[in-house]
There are 2 protein chains.
Amino acid sequence: MTGAEIILETAADAGVEICFANPGTTELPLIAALDRVKSIRPVLGLFEGVCTGAADGYARMKQKPALTLLHLGPGLANGIANLHNAKRAQSPMLNIIGQHATWHINADPPLNMDIASLARTVSDWCKQSESVEALSRDTAEGLAASLYGQISTLIVPADHQWTEYKSDKITLPEFTFDKADQGVIANARKLLEKAKKPALILGGRALRKPGLTAAAEIQAKTGCDLLMITFPAYFDSGEGLPILKRIPYFPGQAQTLLDNYDTLILAGAKEPVAFFGYPNGKSSLLNDQQHRFRIDTGKQDVAAILEELAWALDAVAGKSNPTLAKYTLPKLPSGKLNAEKICATIAALQPEHCIVVDEGILSTIPYYSYAPFLKPYSQLNLTGGAIGQGMPLALGAALAYPDKKVINIEADGSAMYTVQALWSQAREKVDVITVICSNRKYFIIELECMIAGYNSLGSEARALMNLSNPVLNWVALSRGMGVPAASVTTAEELIREFEVALKESGPHLIEAILE
Amino acid sequence: MTGAEIILETAADAGVEICFANPGTTELPLIAALDRVKSIRPVLGLFEGVCTGAADGYARMKQKPALTLLHLGPGLANGIANLHNAKRAQSPMLNIIGQHATWHINADPPLNMDIASLARTVSDWCKQSESVEALSRDTAEGLAASLYGQISTLIVPADHQWTEYKSDKITLPEFTFDKADQGVIANARKLLEKAKKPALILGGRALRKPGLTAAAEIQAKTGCDLLMITFPAYFDSGEGLPILKRIPYFPGQAQTLLDNYDTLILAGAKEPVAFFGYPNGKSSLLNDQQHRFRIDTGKQDVAAILEELAWALDAVAGKSNPTLAKYTLPKLPSGKLNAEKICATIAALQPEHCIVVDEGILSTIPYYSYAPFLKPYSQLNLTGGAIGQGMPLALGAALAYPDKKVINIEADGSAMYTVQALWSQAREKVDVITVICSNRKYFIIELECMIAGYNSLGSEARALMNLSNPVLNWVALSRGMGVPAASVTTAEELIREFEVALKESGPHLIEAILE
């Protein structure tokens, strides 16, 4: 067994099932090993940001790590933007980066880079293997670290990969969440009981069904509002779950919402801060008078802590009567498309238990008014602000659950960063429907300019936000990578094409042109 | 004048004329400043690797820096692969990276990253501005550092950009090459005179006309061979210049060539090393018996040193009779296409003074047998092995010299990494002809597998090198981004489409399908 094989055998024994790969010559032994370790499925991306984004989408759905396999420093660099998003999403992931043979690094060959420094910018755990004998332990350690919702990166010199691993010992990752702190739970209970107007801010695992169910019981008992962080990695949504308010993106709107509360209990969430700093703006969205209290650390299961808090409040199921969302079928729109009509159409037609991937940026704001009242579904969002996440995320989510439809609502500007994801969607025949909200501009930057007071920008500046010269033909781009596509300008056409895509298997793309 | 404006005013006063940009909200004041500083032309890329690759192409042609304008850590990360190539090319460049407002960084908003650590992996000079007052000096320092053939990166917090710059003082970059070391020249002369079989290995500025002319004189006087590094950033080629042998990519072939020489004089080049380390391979391509001597430091003009060395050898023009290449029109091929026929067609049809950008990987090896014997032209190559460089490089080169035709010979796998470059080519209406050598696989990895002894790989491994499922439709991809395109399978068709593209202005793409 080679070093490369022991890495994959260790990962396979730990339950890893998939590897998103764009390898090169320093990863040849790992390529060969993927032939031998059949329980790990290799998925090729034609750009590394596709691989890291797909691993993130897979992890959010499965709550377990995928591998990525990337080529040296430049390959890792191409994956960093989506690793940044994955880190903010607290997605488990293990990146395997091939490195030059140990004896070759000092020769500084053309592809040589400081891989570890690159990796550390987006990794919670990062190691360069020191010997072939250590590779099983290194892999297990990286996987264990990832299970806390962390990015792990293992850099493996080519000679460690191709050298024979003489033992057959395989180390398994050791992982348990830290236990809840009863003092913290007691404090949270007191704060909630004392508060005039409390809210829970939910993020991370708190936004999955068990956490939401506990939060609903706490709400029923204490009258607190339930808020959702602005950019959650994942949330369960729809009928039977509590109705959450999403903290708005723009700081003014966010503060207006948050000012309602004297007490904010943070569950799987950091204190809310502005996305950007503006002139005369501020960082925190809370004021000095507000109590804020976080009930979990990064190494605890926040859903379990919410359940314990519900018990502590004597707010358990049967005793409380939580307000839960009821299904309301949105009305199908008609006429020329706008963002509101795209959102209404998707909300009205999306099937139960589907997965919605939102990288619509400004175009999907209207969708959130429908989200709580649909049939139960899963939603994945852009977490770290590094655009180009949606299409890879949809690929990974679809591979995690091949029986679910994935609907990716995608901004045209964002889609271009990792457009290569469409090819992998076609290759893997995944059930992804991509709806491109084609407003042909970086609308968010235009809006930020207005907010910042740049109201009379000239042609040079405006050109930097304009994608209409030339127009991107999304039907051609999509078909060029093997994904059937259609272009629509009215709600009626969108409804028709969306229904076709829902009936057929395999990926589809619909370019929805906004006027 | 704002801090953003003083950055651009300083750059403009230093002669900077172009800025390849993909900005966001942390760069709004710089966007607004691009309206005010009219002598710097903003060029939008829809992916940051397009911006950094284009800045590299521009710099190689103009031998002066372009700016890039990138959005925070993730935007920089997307540009790193081509910054790595640019660093290996020793291209001057100044990257301006917007950072969160100084008072907002500690709030760790979603887009926050360790930008400086990222930047340092590909920058020779890197600084985060400390005040608005220092911005002109910082910009000048960064530009001065870049002029030695270095990558400079200036990270500018948003509040420094939007704050008023109270002075009107503009600092200009100070730059001079270090003088030649006469002792080094005397040693090189002695080594050449004493050697039985010497060779000059030329790289960097030594491959431009003045350096080549001096090298030809040295060759005529001493009988040395002239070798070219495997992946030069730029070389002048064609009739009237000396005939160089390119050091082959594969280590075995390279060693066979290099073993011919007892003495190797390095001019603008490092000692040749293997691109990758293989089992039982080695790093250096030279043996212990060979004398090797480098005549320049990174801070000297190697062309001037070669001229001084020619003088020292009494080998100046008029006295020596250098062997120079004569023009030989390649024969036009016919029938089904292969790599050899693509290269012959382009060599036969390319116009005088054109710019050839080679990222054909294995498909362009045959081109090098024609290169010395064509009408004079410029050639740009992949330098750092980070594929996805060709199309951005062609964009930047074409913007540097709008009167020249740019011919980009491009591998299909490599092209996909920065395919967004086609949109910027269409937008800027540049005269670029892209010939996609479509072999529908990562052929280089397949070949490396054979060399490394992986001869019986199974379907999983082989699938990771195969791009035919689905087939990439380059005509659709190209037209989808506004670039007219045609697909060809025979030499006759390639000749016809290439001649059409030569006659018309603006970008064209030809998909050359290899059987």
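Reminder, nothing fancy here: chain letters follow the sequence lines and each chain counts from 1. Just so it is clear, the model here is predicted, and its values are computed rather than measured.
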request  = Against chain A, label B:K87 side chain, backbone, both or neither, depending on which of its atoms sit under 4.5 Å from a heavy atom there.
outcome  = neither
ask   = Considering only heavy atoms from C-beta outward, does the side chain of A:R88 approach that of B:N112 to under 4.5 Å?
value = yes
query = Do A:R462 and B:D35 meet the salt-bridge criterion of a basic N to acidic O distance under 4.0 Å?
reply = no
note = Looking only at B:G79, B:A452, B:A274, B:G24, most heavy-atom pairs under 4.5 Å shared with chain A are made by B:A274
ask   = With a 4.5 Å heavy-atom cut-off, do A:L44 and B:L467 have their side chains touching?
value = yes
query = Do the side chains of B:I115 and A:T121 get nearer than 4.5 Å, heavy atoms only?
reply = no
inquiry  = Within a 6.0 Å radius of atom CZ on B:R36, are there more than 12 heavy atoms belonging to other residues, nucleotides or ligands?
reply    = no
Lys/Arg N to Asp/Glu carboxylate O, B:E460 vs A:R41, below 4.0 Å = no
ask   = Does any non-hydrogen side-chain atom of A:M481 lie less than 4.5 Å from one of B:M416?
value = yes
query = Relative to chain A, which segment of B:S459 carries a heavy atom at a distance below 4.5 Å: side chain, backbone, both, or neither?
reply = backbone
inquiry  = At a 4.5 Å cut-off on heavy atoms, which part of A:P29 comes close to chain B: side chain, backbone, both, or neither?
reply    = both
ask   = Taking the inter-plane angle between the rings of B:F276 and A:H71 on a 0 to 90° scale, is it parallel (under 30°), tilted (30 to 60°) or perpendicular (over 60°)?
value = tilted
message = Main chain of B:A77, side chain of A:H84: is a donor-acceptor contact present, judged purely on distance under 3.5 Å?
response = no
